[in-house]
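Just below is one structure, and these are the notes that go with it.
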Amino acid sequence: KMDFPVLLDKTWKGNSLINTDSPLVYLSDWDYQYTEVNGQFSLDTMQFDSVVTVTQHDEENAIEKNIYIEKYAKHVGLIYKEEQSLETQPGQYADGFILTYTIREHN
């Protein structure tokens, strides 16, 4: 999923090797982007430095919100993943899901 070298604001077609025919057609035009490089991230009692944030998709408009983000820590790997896919009605969210994955421990 990552593209090297890791550079802030670098973009790439992260799903280019996936067969995005139905039902995965929604993945076809995603431009992944490094939105944070060498950042810091805290989770409960764990502190991570040298964190890279990959924003896989971030689209929000009047009727839908789709956000897919992953955070990777140096020498650890994936430490955080967030997926939001929501359809809205005026003034409220009507359907969808929010998933958050977090590291529990390492080493």
Side-chain angles (χ1 to χ4, degrees):
K1 291 185 179 185
M2 297 178 76
D3 193 52
F4 294 95
V6 175
L7 301 169
L8 185 62
D9 296 325
K10 179 179 184 176
T11 62
W12 70 99
K13 296 289 186 189
N15 297 331
S16 63
L17 299 178
I18 297 173
N19 181 355
T20 56
D21 291 341
S22 184
L24 300 177
V25 67
Y26 72 98
L27 297 172
S28 64
D29 291 330
W30 287 15
D31 289 317
Y32 287 27
Q33 181 179 13
Y34 291 122
T35 53
E36 183 178 36
V37 175
N38 293 322
Q40 296 184 1
F41 187 70
S42 299
L43 185 64
D44 297 328
T45 60
M46 294 181 282
Q47 303 284 328
F48 300 96
D49 58 3
S50 298
V51 174
V52 173
T53 301
V54 178
T55 300
Q56 297 174 340
H57 193 67
D58 188 353
E59 181 180 4
E60 188 171 357
N61 57 45
I63 60 170
E64 64 185 356
K65 180 178 182 180
N66 292 296
I67 299 173
Y68 293 79
I69 296 171
E70 294 180 347
K71 293 182 179 282
Y72 296 87
K74 189 174 184 176
H75 302 299
V76 178
L78 182 65
I79 58 172
Y80 177 87
K81 181 174 183 170
E82 178 180 348
E83 299 179 1
Q84 293 187 33
S85 182
L86 303 168
E87 293 182 15
T88 63
Q89 295 294 324
Q92 64 182 1
Y93 289 110
D95 191 27
F97 63 88
I98 299 174
L99 294 173
T100 304
Y101 302 87
T102 58
I103 189 171
R104 301 206 28 135
E105 62 183 45
H106 70 94
N107 294 337

Checklist entry - For L24 and I18, what are the C-alpha separation, side-chain angles and deciding distance, and is it a side-chain contact (heavy atoms from CB on, under 4.5 Å)? => result CA-CA 9 Å; L24 300 177; I18 297 173; 4.2 Å; yes
Next on the checklist: Please determine whether side-chain contact (heavy atoms from CB on, under 4.5 Å) holds for the pair V51 and I79, giving the CA-CA distance in whole Å, both sets of side-chain angles, and the decisive distance to 0.1 Å.
Outcome noted: CA-CA 9 Å; V51 174; I79 58 172; 4.2 Å; yes
Item to check | Chi angles and distances behind the side-chain contact (heavy atoms from CB on, under 4.5 Å) call for Q40, Q47 | outcome: CA-CA 7 Å; Q40 296 184 1; Q47 303 284 328; 5.7 Å; no
Item to check | Working for side-chain contact (heavy atoms from CB on, under 4.5 Å), residues V37 and L8 | outcome: CA-CA 6 Å; V37 175; L8 185 62; 4.2 Å; yes
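Applying the side-chain contact (heavy atoms from CB on, under 4.5 Å) test to N38 and every residue at least two apart in sequence or in another chain returns S50. Partners of Y68 by ring pair (Phe, Tyr, Trp, His ring centres under 6.0 Å), not counting sequence neighbours, listed by chain and number: W30.
More than 12 non-hydrogen atoms from other residues, nucleotides or ligands lie less than 6.0 angstrom from CG of N61. Residue K13 qualifies as enclosed at atom NZ: its count of foreign heavy atoms under 6.0 Å is above 12.
Ring centroid separation for the pair H106 and F48 comes in under the 6.0 Å cut-off. Ring-centre distance between F41 and Y80: below the 6.0 Å cut-off.
Residues W12 and V52 fall within the same hydrophobic cluster, defined by Ile, Leu, Val, Met, Phe, Trp and Tyr side chains chained together at heavy-atom separations under 4.5 Å. Under the 4.5 Å side-chain heavy-atom criterion for Ile, Leu, Val, Met, Phe, Trp and Tyr, Y26 and I69 are members of distinct hydrophobic clusters. Cluster annotation: L78 and V54 are assigned to the same hydrophobic cluster (Ile/Leu/Val/Met/Phe/Trp/Tyr, side-chain heavy-atom contacts under 4.5 Å, transitive).
A donor-acceptor pair is defined here as one N or O able to donate and one able to accept, closer than 3.5 Å; such a pair exists between the side chain of K10 and the backbone of F4. Without hydrogens or angle criteria, T88 side chain to I63 main chain gives a donor-acceptor distance under 3.5 Å.
Here the CG atom belonging to D44 is positioned 12.0 Å from the CD atom belonging to E105, to the nearest 0.5 angstrom. Taking CG of D9 as the start and CG of L7 as the end, the distance is 9.5 Å to the nearest 0.5 Å. Note that CG of L27 is 11.5 Å distant from OG of S16, once rounded to the nearest 0.5 Å. K65 contributes atom NZ, which lies 6.5 Å from atom CD1 of I98 (distance to the nearest 0.5 angstrom).
For V76 against I103, the heavy-atom pair with the smallest separation is CG1-CD1, 3.7 Å.
If you run side chain to side chain contact (heavy atoms under 4.5 Å, CB included) between L99 and each of K81, Q84, E83, only E83 comes through.
For the pair E82 and K71, the salt-bridge criterion is not met [side-chain N within less than 4.0 Å of a carboxylate O].
Q33 and T11 share no donor-acceptor pair across their side chains, judged by distance under 3.5 Å alone. The closest side-chain donor-acceptor pair between Y32 and N15 falls under 3.5 angstrom. Between the side chains of T55 and T35, a donor-acceptor pair is found at a separation under 3.5 Å.
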